[in-house]
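Each ligand, and each atom within it, is numbered from 1 in the order the structure gives. This is a predicted model, so every value here is computed, not measured. Atoms considered below: every heavy atom in the structure, side chains included; atoms not considered: hydrogens, waters and symmetry mates.
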Amino acid sequence: MDLCHVPATREKGWYLALMAPNIKGPNYAWLDPSRLYCHPQGLQDCVADLLQPFQGDPIDMVAGIDAMGFILGAAAAAVLQKGFLAIRKAGHLCVRTVSQPYTDYSGREKVMEVRTDAISPGLRILLVDQWVETGGTMRAAIQLVEQLGGVVAGVAAICIEGSEGGRWIREHYKCAHCVPPSLQPRFDRHQFGRE
Ligand SMILES: O=P(O)(O)OC[C@H]1O[C@H](OP(=O)(O)OP(=O)(O)O)[C@H](O)[C@@H]1O
Ligand SMILES: Nc1ncnc2[nH]cnc12
């Protein structure tokens, strides 16, 4: 889809067609949604869809997950007029941190960390990432927030796959995503394309 094209009717998830499949092999995610960030209306509608279920909910802060979750998370924070907390892959934060090991879709062991001085007990946090595949990354972020006494007010990602980890997150937290129900099975099978 052209980056200037805006469909006449903008149904939930119309902008998913802006994503591009992986051409670089198994060390990469199977789909790259970053192109939809380049589309002004696509980005705006995506963020609106991610925030829609949380309208009226008490949210004190938005936290985004390194790296592509920073973009959606910061955009959501700006809409909500809240602050934004970066949850980072280990090795970047030069301040006191707590860390959490995890394994993601690649099967590689990684470590996530967050500064210790931003989350006060009871602070209600909306966690935002680009994608939930195995759920390993999002679960690590949830553990970090809860370890610091924060409350996960919700989890938002373009797609929350129907993996065991994705289902666990949906069962335990209020969630938002951008995939219409009719397309979810295809995303769960990693079949790209709207037809
Ligand atoms: O549910 P999981 O299996 O844990 O996978 C989800 C994570 O993988 C992707 O990030 P990735 O580390 O590929 O990198 P990026 O955000 O830096 O592009 C995605 O943005 C999530 O953070
Ligand atoms: N951005 C992404 N797209 C598709 N699958 C993913 N798995 C993890 N990140 C992903």
Can you sort out which atoms of ligand 1 are near G136, meaning under 4.0 Å from one of its heavy atoms?
-> 1 (O), 4 (O)
Polar proximity ligand 1 side, I65 side, N/O cut 3.5 Å exclusive = no
Any heavy atom of G135 sitting closer than 4.0 Å to ligand 1?
-> yes
So, the side chain of S106 versus the backbone of N27: is there a donor-acceptor pair under 3.5 Å, distance only?
-> no
State the atoms of ligand 2, each with its element, that fall below the 4.0 Å cut-off from a heavy-atom position in Q130.
-> 1 (N)
For ligand 1, which part of A29 has a heavy atom less than 4.0 Å away: the side chain, the backbone, both, or neither?
-> neither
T103 N/O to ligand 1 N/O under 3.5 Å = no
Write down the atom of L16, the atom of V179, and the distance for their closest heavy-atom approach.
-> CD1-CA, 4.0 Å
Region of H190 engaging ligand 2 - heavy atom pairs below 4.0 Å | neither
Starting from the C-alpha separation in whole Å, work towards a yes-or-no answer on side-chain hydrogen bond (donor to acceptor under 3.5 Å, both in side chains) for E161 and H190.
-> CA-CA 9 Å; E161 293 188 24; H190 293 188; 2.8 Å; yes
Donor-acceptor contact present, side-chain R167 to main-chain G162, <3.5 Å = yes
Do me a favour and list the nearest non-hydrogen protein atom to atom 3 (O) of ligand 1 with residue, atom name and distance?
-> T134 OG1, 2.7 Å
Do side-chain atoms of S120 reach the backbone of L123 as a donor and acceptor pair under 3.5 angstrom?
-> no
Residue portion contacting ligand 2 (non-hydrogen atoms closer than 4.0 Å) for P33 = side chain
Taking atom 7 (N) of ligand 2 as the reference point, the nearest protein heavy atom with its distance | E133 OE1, 2.6 Å
D66 neighbourhood, listing ligand 1 atoms whose heavy-atom distance to it stays under 4.0 Å = 16 (O)
Going by distance only, is there an N or O of D32 that falls short of 3.5 Å from an N or O of ligand 2?
-> no
Could you tell me which atoms of ligand 2, counted from 1 in the order shown, lie closer than 4.0 angstrom to a heavy atom of Y105?
-> 7 (N), 8 (C)
for atom 6 (C) of ligand 1, nearest protein heavy atom and its distance come out as W131 O, 3.4 Å
Below 4.0 angstrom from a heavy atom of V132, which ligand 1 atoms are there? Numbered from 1 as shown, please.
-> 1 (O)
How far is atom 3 (N) of ligand 2 from its nearest protein heavy atom, and which residue and atom is that?
-> L31 O, 2.7 Å
Apply the side chain to side chain contact (heavy atoms under 4.5 Å, CB included) test between V152 and each candidate in I125, L126, L127; give the one that qualifies.
-> L127
Heavy-atom closest pair, residues Q130 and P33 | NE2-CD, 2.9 Å
When distances are taken from atom 20 (O) of ligand 1, the protein heavy atom at minimum range is Q130 OE1, 3.0 Å
Minimal non-hydrogen separation, F70 against G64, with atom names | CE2-O, 3.5 Å
Atom 8 (O) of ligand 1: closest protein heavy atom, distance to 0.1 Å, is Y105 CE2, 3.2 Å
So, for W14 and H5, is the gap between ring centers shorter than 6.0 Å?
-> no
Counting heavy atoms only, which of E133, K89, M68 comes nearest to atom 14 (O) of ligand 1?
-> K89
Kindly check if the number of other-residue, nucleotide or ligand heavy atoms within 6.0 Å of CZ (R124) is above 12?
-> yes
Report the part of D129 (side chain from C-beta onward, or backbone N, CA, C, O) that has a heavy atom under 4.0 Å from ligand 1; answer both or neither where that applies.
-> side chain
Protein contact for atom 1 (O) of ligand 1 (heavy atom, distance under 4.0 Å) | yes
Identify the heavy atoms of D45 and R10 that sit nearest to each other, and give their distance.
-> OD2-NE, 2.6 Å
With distance as the sole test, does E113 use its side chain to make a donor-acceptor pair with the main-chain N or O of K89 at under 3.5 Å?
-> no
Shortest protein heavy-atom distance from atom 7 (C) of ligand 1, along with the residue and atom involved | T137 OG1, 3.5 Å
Do T134 side-chain atoms and G136 backbone N/O form a donor-acceptor pair below 3.5 Å?
-> yes
